[in-house]
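Please read the structure below before turning to the comments.
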Amino acid sequence: MPHRSGPHAPGSLWRDRDFRHYAVAQGISVTGSGVTTIALSVLAVVELHASTFNVALIAFASKLPPLLLSLHAGVLADRRRKRPLIITCDLLCAAVLLTLPTAQFLARITLIHLYAVAFTVAALQVIGSNASISFLPSLLGPGRIKDGNAKMGAGNSLADLIGTNSGGALVVALGAARAITVDAASYLASALLLWRIKHREDPPPPRKAGTSQWAEIREGLTYTLRTPVVRSIVLSNTATSFVLAASSALWSLYLLVPA
């Protein structure tokens with residue numbers, strides 16, 4: 001019997017070629033991002049002798065895009081085909097990250113450059129992750145989305161753990177700027193795997209004439225505020241993100257400055 005792949009393919013999701021490509025692409029990208037999180041801090045503290053305020057600005061730059069762009073990214077994902085949008089964000093992230101080892105080679109790396117990279121990559125991640133979340137239901141269909149979300153949650157948590165723990169070793173072995181090339185390569189690998197997915201999503205539904213982006217954002221906010229479960233999740237994630245952002249601005253200084 002020929003192998004079937006797509007929203008109605010039977011059996012375990014891991015036997016679905018398209019889902020495997022999607023899951024591995026996400027895992028590779030998350031792992032690489034953990035490397036860059038460490039490498040940016042090492043570049044700032046060790047090579048550029050950044051102050052506490054400078055390191056805090058890098059953390060702030062990476063946490064600002066979710067606050068500014070999440071709502072707009074959701075609307076963009078609703079209006080576009082998701083897979084091309086994810087691939088485009090992956091390729092742009094790789095290009096932006098590769099400017100750091102290039103700048104170090106030319107002895108032109110600066111704190112402003114680090115701020116710009118942190119902000120730009122985070123902005124592209126917001127757009128790509130919104131499109132990625134929206135793409136999964138199209139890839140799996142309603143009958144398998146719960147199983148898919150469970151597997152993606154477990155896989156991404158493992159990838160984040162691996163990336164964070166391997167990031168330090170790669171920075172020591174390669175140097176901070178060169179280690180960032182690993183993250184750039186992870187985005188390229190992710191884009192390639194997503195490109196190889198054979199499932200073709202339906203075009204986005206047509207919009208009513210005169211519907212603005214702000215109108216759709218207001219509609220989404222109204223739904224969030226009036227739905228207790230969704231509201232609780234959003235508030236919980238907001239509080240968690242705030243605490244993590246505050247701690248990430250300090251841990252690298254605590255570990256690296258004494259050394």
Side-chain angles (χ1 to χ4, degrees), residues 21-44 57-74 76-77 80-105 109-136 152 155-157 159-164 166-167 170-171 174-197 241 244-245 248:
H21 284 336
Y22 173 85
V24 173
Q26 293 295 302
I28 290 174
S29 180
V30 171
T31 301
S33 296
V35 176
T36 292
T37 299
I38 295 174
L40 283 178
S41 298
V42 173
L43 274 174
L57 280 181
I58 294 174
F60 177 74
S62 66
K63 301 299 181 183
L64 188 59
L67 176 64
L68 297 178
L69 302 176
S70 291
L71 296 174
H72 299 278
L76 181 63
R80 298 286 187 274
R81 291 182 188 270
K82 282 70 174 176
R83 191 173 66 116
L85 191 58
I86 307 167
I87 293 173
T88 300
C89 289
D90 281 347
L91 294 176
L92 289 175
C93 279
V96 170
L97 288 170
L98 287 174
T99 65
L100 285 174
T102 302
Q104 188 191 46
F105 177 77
I109 195 166
T110 64
L111 283 170
I112 297 296
H113 191 174
L114 294 184
Y115 303 150
V117 168
F119 180 87
T120 305
V121 171
L124 291 168
Q125 286 174 338
V126 170
I127 298 171
S129 63
N130 272 274
S132 179
I133 292 170
S134 301
F135 178 63
L136 189 59
M152 291 303 303
N156 286 343
S157 295
D160 184 50
L161 182 64
I162 293 172
T164 303
S166 64
L170 286 171
V171 168
L174 303 176
R178 292 188 185 93
I180 290 174
T181 61
V182 174
D183 191 12
S186 76
Y187 280 111
L188 294 175
S190 173
L192 176 61
L193 287 167
L194 291 168
W195 176 75
R196 294 184 64 187
I197 291 176
S241 297
L244 291 176
S248 65

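Side chains included, hydrogens not; waters and symmetry mates left out as well; all remaining heavy atoms used.
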With rounding to the nearest 0.5 angstrom, report the [atom1] to [atom2] distance, [X] to [Y].
{"X": "Leu100", "Y": "Arg178", "atom1": "CG", "atom2": "CZ", "answer": "13.0 Å"}
{"X": "Leu188", "Y": "Asp183", "atom1": "CG", "atom2": "CG", "answer": "10.0 Å"}
{"X": "Leu69", "Y": "Asn130", "atom1": "CG", "atom2": "CG", "answer": "9.5 Å"}
{"X": "Tyr115", "Y": "Thr110", "atom1": "OH", "atom2": "OG1", "answer": "9.0 Å"}
{"X": "Thr99", "Y": "Leu97", "atom1": "OG1", "atom2": "CG", "answer": "7.0 Å"}
{"X": "Gln125", "Y": "Ser62", "atom1": "CD", "atom2": "OG", "answer": "9.0 Å"}

Does the side chain of [X] reach to within under 4.5 Å of the side chain of [Y], using non-hydrogen atoms?
{"X": "Trp195", "Y": "Leu192", "answer": "yes"}
{"X": "Leu174", "Y": "Val182", "answer": "yes"}
{"X": "Ile180", "Y": "Leu43", "answer": "yes"}

Check whether [X] reaches the backbone of [Y] with its side chain - one donor and one acceptor, N or O, closer than 3.5 Å.
{"X": "Ser33", "Y": "Ser29", "value": "yes"}
{"X": "Arg196", "Y": "His21", "value": "no"}
{"X": "Thr88", "Y": "Pro84", "value": "yes"}

Partner of Tyr187 by side chain to side chain contact (heavy atoms under 4.5 Å, CB included), out of Ile28, Val121, Leu124:
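Going through Ile28, Val121, Leu124 one by one, the side chain to side chain contact (heavy atoms under 4.5 Å, CB included) with Tyr187 is satisfied by Val121 alone.
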For [X] versus [Y], what's the shortest heavy-atom pair and its separation?
{"X": "Leu194", "Y": "Arg83", "answer": "O-NH1, 2.7 Å"}
{"X": "Gly32", "Y": "Ser186", "answer": "CA-OG, 3.7 Å"}
{"X": "Ala44", "Y": "Leu111", "answer": "CB-CD2, 4.3 Å"}
{"X": "Gln104", "Y": "Ala177", "answer": "OE1-CB, 3.1 Å"}
{"X": "Ala191", "Y": "Asp90", "answer": "N-OD2, 3.7 Å"}
{"X": "Ile133", "Y": "Tyr22", "answer": "N-OH, 4.4 Å"}

Over 12 non-hydrogen atoms of neighbours within 6.0 angstrom of CZ in Phe60
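Counting other residues, nucleotides and ligands, CZ of Phe60 stays at 12 neighbours or fewer.
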Is there a donor-acceptor contact under 3.5 Å linking the side chains of Gln26 and Ser190?
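Ser190 and Gln26 do not have a side-chain donor-acceptor pair below 3.5 Å.
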